[in-house]
Amino acid sequence: MCGIVACQTRPPALDFLIPALRRVEYRGYDSVGVAVRTTGGNVVRLRSVGRLDSLQSSVDGYVGATLDGVGIGHTRWATHGVVSEENSHPHTDCLGDVHVVHNGIIENAEDLRADLSLRGHAFATEVDSETVAHLVEEALADGAGLPEAVEKASARLVGSWALAVIRRGEDAVVVTANRSPLVVATGGEGAYAASDLTALAGWTTHAQVVADGDVVVLEDDRLSWRRADGSSTAPALLSTSLAAVDVELGAASDFMGKEISEQSAAVEGIVNRLADGICDGRLWHQLGLPPLSRVRFVACGTSLNGAAVLNQLLAAHGIAGSLSPASESEGAVLESGTLLVALSQSGETADVLRALEVSSDDRVVLALTNVGSSTLGRTADASVELGVGPEIGVAATKTFTAQVVAGAAVMISGLVYARRISPVTAGHLTDRLRALPQLLAEADELARNHVADVVASATDASGFLFVGRGTAVPYASEGALKLKEITYRWAECQPAGELKHGPIALIDRGTPVVVIDDGHPKLAANISEMRARHAHVITIGGPESSMPYRLGSPDGAPWGPLASVVVLQHLARELAVALGRDVDKPRNLAKSVTVE
Ligand code: F6R
């Protein structure tokens, strides 16, 4: 889940590495470092604990030999070893000749370390990645060139890796990958590699995915491929329409706020794109999927909440679905004919990818992802790309609503295709989908105007409960997740009816309980129970809404009160801002979770 970048360019490498690192910083931000070649062929390493801004100071203060266009960079989400400058990438070999950045986990690092130590290698860090530098060193000592050395070193590794390697005195940057995302590209000024396409926005219009086992050499503005299958044929080009402006903040104060407010337009784009194929089942048919009968959802975190919404939608139409966190899928039994539906905004979540590795002769995977070129997008049997633009804030917002809406469109189309609902019913549901952009925009405006008052009433609370009933429960769960991840306050989601079975003991005088009130007839009694225990009830929707806001009735859309999530996102963000948190880069987290 770290971010790696690399380049071999005619202008100074730092011109690319620093802005590119900023773009992949969402992948981890414990520490950051670069290694850049000097014009004399040496390599200078600059590293720093904390965010990119701290590295920038070292870069600004650098007074050594002139740096040229060959370099690698890394932003870390610590797995092995504490957060320290010593443990920051790039890592080097015994001689300080080889410099390596790594994303992933070397699972056999301890064995390799023991083995290499026996042969006299001295380790400077606790980090698994350092073993790679020493393995490359050994292969070079045996007479291999840098690409062969990287290939040989990789052959000794178990686990996942995207690697970029440079060596003192060499012009080339060598990259390779296994079960970890990596793209390469050439542009007007040289060749580039990065953990994802957003890092390359503005530098190139086309990129290529480094598949497992491929080794790519960036040299002389070119890419030379040594494919895992022994060929040197380059893979297909992906066009990247991202412009630099798409990944910049503009006038907004943070990406999360910007992305919350983009939801109405994002959903409008999805509905416009998909609506025509819903009522006649064409959308489903074009995905090449078998008739909808049994579904298993696979997802994590926010995407799991999105999956819960879709699971309820299908259940309401008699389709049996199952849902569990992807990280708990080990040993899951997949009944024949079950469609696996994987939701992942990044398409790179290791838990999701592993959960799909079930052995079944008729395994079919449908992916809902915001990154069509991701591992999930490329390897699924059918993929629906959300197309809502990059989401930079670590907390997922617009990709959640996009998953729900795109997923609902696809599932409704599947229900028509499987003759579970009529085209007329699908038409009514499609009309409701078309109404969503307006509802989301209204929720956004309302929350912007009113959520601060609600937050002021709960700033000092150490913990929150989020409750709802029926189709509101996944949204309550998402509200609790957003709140805990960016405010660092405890937040627990419960179906409102479950409170009396235990969690109600948590309620003290003034405990904030956020209720998603979509008018469920049994909710009023639950609210009374909480009030009787002096809870500070914050209702979203309903007759006593804490904001002038109504969510509609429970016999409403089968995807439940989607617009409530906009209010919940604002609630979490506003509280985080009030508490002085970094809403875009909450502590301990990273956006793309590529370790299990
Ligand atoms: C929460 C959040 C995470 C992700 C989870 C899965 O705001 O972003 O919970 O939803 O790590 O990530 P994806 O959707 O990329 O598979």
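Bear in mind that the values here come from a model prediction, so they are computed numbers and not experimental data. We count ligands from 1, going down the list as the structure has it; atoms in each ligand are counted the same way. Numbers for residues simply follow the sequence, beginning at 1.
- Scanning Ala299, Cys300, Ala342 for the heavy atom closest to atom 6 (C) of ligand 1 points to Cys300.
- Each of the following atoms of ligand 1 lies closer than 4.0 Å to a heavy atom of Ser344: 13 (P), 14 (O), 15 (O), 16 (O).
- When only interatomic distances are considered, the shortest N/O to N/O separation between Gln403 and ligand 1 does not fall below 3.5 Å.
- Residue contact check: Glu485 has heavy atoms under 4.0 Å from atoms 1 (C), 7 (O) of ligand 1.
- Note: Tyr475 and Phe400 have perpendicular aromatic rings, judged against thresholds of 30 and 60 degrees for the angle between ring planes.
- Rounding to the nearest 0.5 angstrom, the gap separating the CZ atom in Arg573 from the OG1 atom in Thr397 is 10.5 Å.
- In this structure, Cys300 and Val352 have side chains that are in contact, with non-hydrogen atoms separated by less than 4.5 Å.
- At a 4.0 Å heavy-atom cut-off, ligand 1 does not touch Leu304 at all.
- At a 4.0 Å heavy-atom cut-off, ligand 1 touches Lys482 through the side chain alone.
- Taking every heavy atom of Val394 and a limit of under 4.0 angstrom, the matching atoms of ligand 1 come to 8 (O).
- Every N/O-N/O distance between Val593 and ligand 1 stays at or above 3.5 Å.
- In terms of protein heavy atoms, atom 3 (C) of ligand 1 is closest to Thr302 N, 4.1 Å.
- When non-hydrogen atoms are compared, ligand 1 lies under 4.0 Å from the side chain of Thr349 (C-beta onward) but not from its backbone.
- When each of Glu259, Glu262, Gln263 is checked for a side-chain hydrogen bond (donor to acceptor under 3.5 Å, both in side chains) with Lys398, only Glu262 meets the rule.
- Atom 15 (O) of ligand 1 has its closest protein heavy atom at Ser346 OG, 2.6 Å.
- Close contacts between ligand 1 and Ser303 involve ligand atoms 10 (O), 13 (P), 14 (O) [criterion: under 4.0 Å to a heavy atom].
- Remark: Arg22 engages Asp53 in a salt bridge, criterion side-chain N to carboxylate O under 4.0 Å.
- Looking at Thr176 and Asn178, their side chains never come closer than 4.5 Å, going by heavy atoms from C-beta outward.
- Atom OG1 of Thr302 and atom CD of Glu478 lie 3.5 Å apart (nearest 0.5 Å).
- By the side-chain hydrogen bond (donor to acceptor under 3.5 Å, both in side chains) test, Ser261 is found to be paired with Asp444, Arg448, residues two or more places apart in sequence or in another chain being considered.
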